[in-house]
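Working notes, beginning with the structure itself.
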There are 2 protein chains.
Amino acid sequence: METDKPAGKATRETSPAILLKRGGMRAHVDQAVRSALLTGRFIPGKAVTLRGLAQELGVSPMPVREVIQRLAAEHALEVLPNGRVQVPRMTASRFDEVLKARLLLEPELAAMALETGARLDARQLEKIDLEIDASLGTGDAEAYMALNHDFHFRIYEASRSTILLPLVESLWLQFAPFMRTVYGRVGTAHLVDWHKEAIKAIRGGSAAGLRAAMASDIREGMGLLGRSSFAVVEDE
Amino acid sequence: METDKPAGKATRETSPAILLKRGGMRAHVDQAVRSALLTGRFIPGKAVTLRGLAQELGVSPMPVREVIQRLAAEHALEVLPNGRVQVPRMTASRFDEVLKARLLLEPELAAMALETGARLDARQLEKIDLEIDASLGTGDAEAYMALNHDFHFRIYEASRSTILLPLVESLWLQFAPFMRTVYGRVGTAHLVDWHKEAIKAIRGGSAAGLRAAMASDIREGMGLLGRSSFAVVEDE
DNA sequence: TTGCGGAAAATGTGATCACAAATTAGAGGC
DNA sequence: GCCTCTAATTTGTGATCACATTTTCCGCAA
């Protein structure tokens with residue numbers, strides 16, 4: 001016998017605990033699902049049900065519906081013809097295209113950050129990179145996913161971009177769940193730590209160097225982890 | 001006294017006319033709003049209200065809510081901190097970034113279409129291009145917007161892309177409303193018709209030529225039309 | 001004429017409901 | 001045991017409701 005919280009009769013119960021600002025529930029759900037996707041807590045093929053997610057997050061199905069539409073528009077979730085929603089599975093052609101798109105956009109975004117952004121804190125990036133090494137040591141996949149995302153987007157967000165950045169965010173939402181499934185299946189030790197090369201380029205103010213480092217990081221990271229097998233079912 | 005159609009009491013009225021397949025209403029609304037944005041029927045700064053759109057399209061606010069979230073995720077619509085929704089206004093930096101992103105993605109997408117797509121009908125593209133010339137002659141801006149979109153995406157869709165194509169679609173949704181507002185303010189006659197160059201490259205199977213033609217078309221089209229003025233208010 | 005209040009209307013948000021379609025479970029027959 | 005048909009459950013969809021917030025509108029005073 002838990003709290004038995006039916007969460008509202010028909011009349012609004014006027015802030016059961018807190019809901020603070022406008023669209024608060026939606027923002028909460030959005031952040032929760034995005035985080036889950038980016039850290040690999042949602043596996044490709046996983047069915048996402050409206051009421052399931054709603055109950056899990058303690059909200060009504062309404063904000064969940066809007067968030068699902070939002071993420072489906074970014075192709076982070078897939079709406080099947082039956083209306084069922086699931087995390088998209090990876091395919092070889094999709095993977096190749098994601099790699100191509102990342103190589104086109106992310107080095108450019110990093111270069112923009114270096115040119116326009118004065119708030120690129122190399123010391124902080126170094127700290128994050130150390131934590132990444134630690135997470136690789138302990139084998140904490142979820143922490144690695146989160147930290148790697150953090151490292152890249154600390155740089156990208158410094159670009160103050162409003163067009164390219166959202167495109168790249170969409171890409172990460174699409175490949176992150178798959179990357180998580182192949183983590184551990186292959187060696188995670190890179191030949192060269194391109195993150196450290198990137199930091200060096202940032203310190204030196206070399207846009208070309210940063211471009212190259214990011215491109216190599218993307219190519220090598222996806223080259224090593226990807227391509228192992230795409231028929232990763234992992235149902236439920 | 002009109003028809004007095006409250007659109008349902010509390011019980012479902014079981015298909016007042018047609019709703020056919022699953023998510024039919026949502027698909028209808030989505031297509032309607034997308035089309036309106038791409039052809040410039042929605043002006044930057046225009047307020048988009050939930051109940052307004054719903055009544056305009058003859059549906060309940062529900063599918064409209066989902067579509068708005070969907071388009072907001074693609075940055076085709078903008079949700080203000082008050083919750084109000086409007087078509088985003090263009091700014092100089094946004095414009096520059098859109099141009100950069102288009103130049104990065106669209107020539108690549110066109111090249112992919114040429115390499116992988118066997119269904120690139122040059123004759124059909126030529127027909128569309130003729131209609132474009134006609135629309136420029138009569139000054140039908142809405143027709144021009146629709147036809148130009150059609151020309152580009154006939155090519156892009158032949159790539160069978162599932163990653164790059166949605167990114168480009170998002171870009172078009174973002175700049176199309178603005179482009180419409182500056183139509184007619186400047187001369188629409190290009191120095192060179194890059195569409196015809198593109199068709200020639202397609203016929204010759206020249207990926208490099210197609211890349212160059214698309215890049216020139218983008219650069220020149222946005223160079224001419226854009227940059228005129230960004231403080232285009234056009235309220236209501 | 002120009003501000004300034006305050007009432008009235010409009011708007012987004014979260015919740016619940018009703019229903020159809022689809023999935024799942026189960027019973028019965030081969 | 002395996003397949004099949006049916007019943008029960010689950011799920012997405014469209015609609016409506018209640019409410020807080022915001023905006024709009026109108027009258028009144030300076």
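Naming: A, B, ... by sequence-line order, numbering from 1 per chain.
Ionic pairing of A/R70 and A/E66 is not present here: no N-O contact between side-chain nitrogen and carboxylate oxygen is shorter than 4.0 angstrom. Salt bridge present: A/E74 and A/R34 bring a charged side-chain N and a carboxylate O closer than 4.0 Å.
In this structure, B/E66 atom CD and D/dG14 atom C1' are separated by 9 Å, rounded to whole Å. Atom C1' of nucleotide C/dG14 and atom CE of B/M62 are separated by 11 Å, given to the nearest angstrom. When rounded to the nearest whole Å, the span between CG of A/L80 and P of D/dT11 equals 14 Å. If you measure from atom CZ of B/R70 to atom C1' of D/dG12, you get 14 Å, rounded to the nearest angstrom. For the pair B/M25 CE and C/dA20 C1', the interatomic distance rounds to 13 Å; values are reported in whole Å.
A/Q174 and A/S170 share a donor-acceptor pair across their side chains, judged by distance under 3.5 Å alone.
Between A/F95 and A/F175, the ring center distance fails the sub-6.0 Å criterion.
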Atom pairs, N/O to N/O, protein against nucleotides 21-23 of chain D, distance under 3.5 Å?
{"from": "D/dT23", "atom 1": "OP1", "to": "B/N82", "atom 2": "ND2", "distance (Å)": "2.8"}

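No hydrogens or angles were tested; on distance alone, a donor-acceptor pair under 3.5 Å links the side chain of B/R65 to the base of C/dG14.
Annotation for A/H149: atom NE2 counts as buried by contact number, over 12 foreign heavy atoms lying within 6.0 Å.
Listed in residue order, the members of residues 48-57 of chain B having a heavy atom less than 4.0 Å from DNA chain C are B/V48, B/T49, B/L50, B/R51.
Nearest nucleotide to the side chain of A/Q69, out of D/dG14, D/dT13, C/dG14: D/dT13.
Using a 4.5 Å cut-off on side-chain heavy atoms (C-beta onward), A/L164 and B/K100 make contact.
Under the 3.5 Å distance criterion, the side-chain polar atoms of B/T181 are matched with a main-chain donor or acceptor of B/F178.
When A/L80, A/T49, A/V79 are each tested for a side chain to side chain contact (heavy atoms under 4.5 Å, CB included) with A/Q86, only one passes: A/L80.
A close approach under 4.0 Å does not occur between any side-chain nitrogen or oxygen of B/S60 and OP1 or OP2 of D/dG14.
When each of A/P61 and A/R26 is assigned the nucleotide of DNA chain C bearing its nearest heavy atom, the one mapping closer to the 5' terminus is A/R26.
Ring orientation note: the planes of B/Y183 and B/Y144 are tilted relative to one another, at an angle of 30° to 60°.
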